Amino acid sequence: MSSSAVEAEAPDLVCQLDNVQGLVDALSSVRWKRHQDALVELSEHGVVLIVEDTGCLQAKVYLQRELFVRYEYNAEGRPRFGVSLGLFVDCLSTFSAPGRSSMIEIKYPGPDMQLLVKSVDSLDACIYAEVRTRIPDTISWDYNFEPAGSTPLTFTVKSAALKEAIDDLEWPGSSIQITLLPDPPCVTFKGEGHGDLQIDFMYYVNTDLLIAFHCDRQVSYRYKYKFLRATTSNLPGSVVKDNRGSKLTVGRGGMLKVQHLVSVARSATSHPHVDSAGHQQPSRIAYIEFFVKPEVDGDTVNHS
């Protein structure tokens, strides 16, 4: 067989990962309902998975190539394919054994355009799976996130505290108002509906919870609770336990960006979660981003 024929049959991507559970955690972070279709885009820089809901909520999982122990990219351009997120996550979960890190190989495409997954670190047995893909749907909206002004409107809060606050806001109703105040520096989450509930994060009072705060003017936008809750409802236990910060940024028009970090580093026996300094290497982190459109009503406040 000629070398040109071999090259023609080379898959677009062959990659290996040594922490399946970390990948399951990252993808589960954006799994907010039972049946979800995802768009997967491949490139020489890594893999991006995108999901969205009714044109109001979009989430992206960034898996940089440095996260993989092997990453062979042979495609021209950026191949895209659609896949059932739930099916993909459930498939990957079968390769994750409690108490140990499993290595898998992911290959695309297979003979019938499948996503091929197999275990590669066991001498006794090999688990093999094929995940059917589909022609990808067009992403219905461009998040087009732009800064709201010369000064970023952003704050970073401990992930566990953010999740707890949003969980608590389920009781009041379907709309949550987020307000940033520059003086005194404060972030307020307020729910109104069946009752009223307000949660304040005061920057100078508790910097252990509100880690960073940048705001030069008052802004206030409302968001549907079900979309806001989706940004934290499936945060993996490892993120809540490590309790690193989640960053929220208000962009032009009130677009809300929520960013989380999920460790995909292989656990060491002596240091199962983080190193002595309490940090993971940046290359072994999956980046999760949510984009939430605001509700449009007469109560929106934006003081320049």
Side-chain angles (χ1 to χ4, degrees), residues 29-30 32-33 53-54 56-59 145 147-149 151-235 237 239-261 288-304:
S29 299
V30 300
W32 58 76
K33 60 182 180 181
D53 191 352
T54 65
C56 294
L57 172 66
Q58 187 181 96
F145 189 86
T151 300
L153 302 173
T154 181
F155 62 97
T156 303
V157 62
K158 288 288 190 179
S159 300
L162 177 65
K163 177 175 172 55
E164 182 179 357
I166 293 178
D167 286 348
D168 288 345
L169 288 164
E170 183 176 12
W171 168 71
S174 61
S175 181
I176 305 299
Q177 186 167 14
I178 299 179
T179 302
L180 277 68
L181 290 170
D183 188 21
C186 174
V187 179
T188 297
F189 290 75
K190 185 176 182 180
E192 296 178 339
H194 303 298
D196 295 344
L197 179 63
Q198 180 169 313
I199 299 174
D200 296 324
F201 290 99
M202 306 295 293
Y203 181 48
Y204 291 138
V205 173
N206 195 340
T207 53
D208 290 333
L209 287 180
L210 191 59
I211 306 168
F213 182 87
H214 300 281
C215 173
D216 63 351
R217 63 190 184 280
Q218 179 181 344
V219 292
S220 185
Y221 291 97
R222 291 185 181 276
Y223 304 90
K224 284 190 179 298
Y225 178 76
K226 68 174 183 178
F227 296 141
L228 195 60
R229 184 177 184 274
T231 66
T232 61
S233 60
N234 288 301
L235 279 180
V239 171
V240 176
K241 184 173 183 178
D242 292 345
N243 206 17
R244 53 172 63 90
S246 293
K247 184 178 180 181
L248 291 83
T249 306
V250 178
R252 187 181 301 276
M255 180 79 76
L256 180 67
K257 178 166 68 172
V258 183
Q259 298 169 286
H260 306 296
L261 304 177
I288 317 296
E289 289 186 345
F290 289 87
F291 300 91
V292 187
K293 283 186 176 180
E295 291 185 316
V296 179
D297 59 29
D299 295 332
T300 299
V301 178
N302 187 358
H303 296 305
S304 58

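Every heavy atom of this structure was used, including side-chain atoms; hydrogens, water molecules and symmetry mates were not. Every value quoted in this text rests on a predicted model; they were computed, and no experiment measured them.
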*Asks:* What pairs of residues pass the side-chain hydrogen bond (donor to acceptor under 3.5 Å, both in side chains) test when at least one of them lies in residues 178-189, not counting sequence neighbours?
*Replies:*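 Sorted result for residues 178-189: Thr179-Ser220, Thr188-Asp200.
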*Asks:* Return the set of residues passing side-chain hydrogen bond (donor to acceptor under 3.5 Å, both in side chains) with Thr156 (not counting sequence neighbours), or none when no residue passes.
*Replies:*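 By the side-chain hydrogen bond (donor to acceptor under 3.5 Å, both in side chains) rule, Thr156 matches no residue at all.
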*Asks:* Sequence neighbours left out, what passes salt bridge (Lys or Arg N to Asp or Glu O under 4.0 Å) with Lys257? Give chain and number order.
*Replies:*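 In terms of salt bridge (Lys or Arg N to Asp or Glu O under 4.0 Å), with neighbours along the sequence ignored, Lys257 is linked to no residue.
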*Asks:* Do Arg217 and Leu153 come close enough that some side-chain heavy atom pair is under 4.5 Å?
*Replies:*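 SC-SC contact between Arg217 and Leu153 confirmed.
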*Asks:* State which residues pass side-chain contact (heavy atoms from CB on, under 4.5 Å) with Lys33; sequence neighbours excluded, sorted by chain then number.
*Replies:*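 Partners of Lys33 under the side-chain contact (heavy atoms from CB on, under 4.5 Å) test: Gln36, Asp53.
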*Asks:* Is the CD atom of Glu164 crowded by more than 12 outside heavy atoms at less than 6.0 Å?
*Replies:*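 No, CD of Glu164 has 12 or fewer neighbouring heavy atoms, counting only those of other groups under 6.0 Å.
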*Asks:* Begin from the C-alpha positions of Val187 and Val157 and carry the test side-chain contact (heavy atoms from CB on, under 4.5 Å) through to its verdict.
*Replies:* CA-CA 10 Å; Val187 179; Val157 62; over 6 Å; no
*Asks:* Just to verify, what does Lys190 make a salt bridge (Lys or Arg N to Asp or Glu O under 4.0 Å) with, not counting sequence neighbours?
*Replies:*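 Lys190 satisfies salt bridge (Lys or Arg N to Asp or Glu O under 4.0 Å) with Glu192 only.
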*Asks:* Mind checking side-chain hydrogen bond (donor to acceptor under 3.5 Å, both in side chains) for Ser29 and listing every partner two or more places apart, or none if nothing turns up?
*Replies:*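 Counting only residues at least two positions away or on another chain, Ser29 forms no side-chain hydrogen bond (donor to acceptor under 3.5 Å, both in side chains).
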*Asks:* Which residues pass the side-chain hydrogen bond (donor to acceptor under 3.5 Å, both in side chains) test with Lys158, sequence neighbours left out?
*Replies:*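 Result, side-chain hydrogen bond (donor to acceptor under 3.5 Å, both in side chains) vs Lys158: none returned.
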*Asks:* Between Gly245 and Ser159, which heavy-atom pair has the shortest distance, and what is it?
*Replies:*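 Heavy-atom minimum between the residues: C-OG, 3.7 Å.
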*Asks:* Can you sort out the partners of Ala59 under side-chain contact (heavy atoms from CB on, under 4.5 Å), two or more places apart, ordered by chain and number?
*Replies:*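 With sequence neighbours excluded, Ala59 shows a side-chain contact (heavy atoms from CB on, under 4.5 Å) to Val30, Trp32, Val51, Phe290, given in chain and number order.
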*Asks:* Can you name the side-chain contact (heavy atoms from CB on, under 4.5 Å) partners of Lys224, sequence neighbours left out?
*Replies:*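 In terms of side-chain contact (heavy atoms from CB on, under 4.5 Å), with neighbours along the sequence ignored, Lys224 is linked to Phe227, Glu295.
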*Asks:* Tell me every residue that passes side-chain hydrogen bond (donor to acceptor under 3.5 Å, both in side chains) with Ser233, counting only those two or more places apart in sequence or in another chain.
*Replies:*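 Listed in chain order: nothing, the list is empty.
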*Asks:* My understanding is that only residues two or more places apart in sequence, or in another chain, count here; which of them pass side-chain contact (heavy atoms from CB on, under 4.5 Å) with Ile166?
*Replies:*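 For Ile166 the side-chain contact (heavy atoms from CB on, under 4.5 Å) partners, ignoring immediate neighbours, are Leu162, Tyr225, Leu228, Arg229, Thr231, Thr232.
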*Asks:* Specify the closest pair of heavy atoms between Cys215 and Pro182, including all atoms of both residues, with the distance to one decimal.
*Replies:*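 That closest heavy-atom pairing would be O-CB, 3.5 Å.
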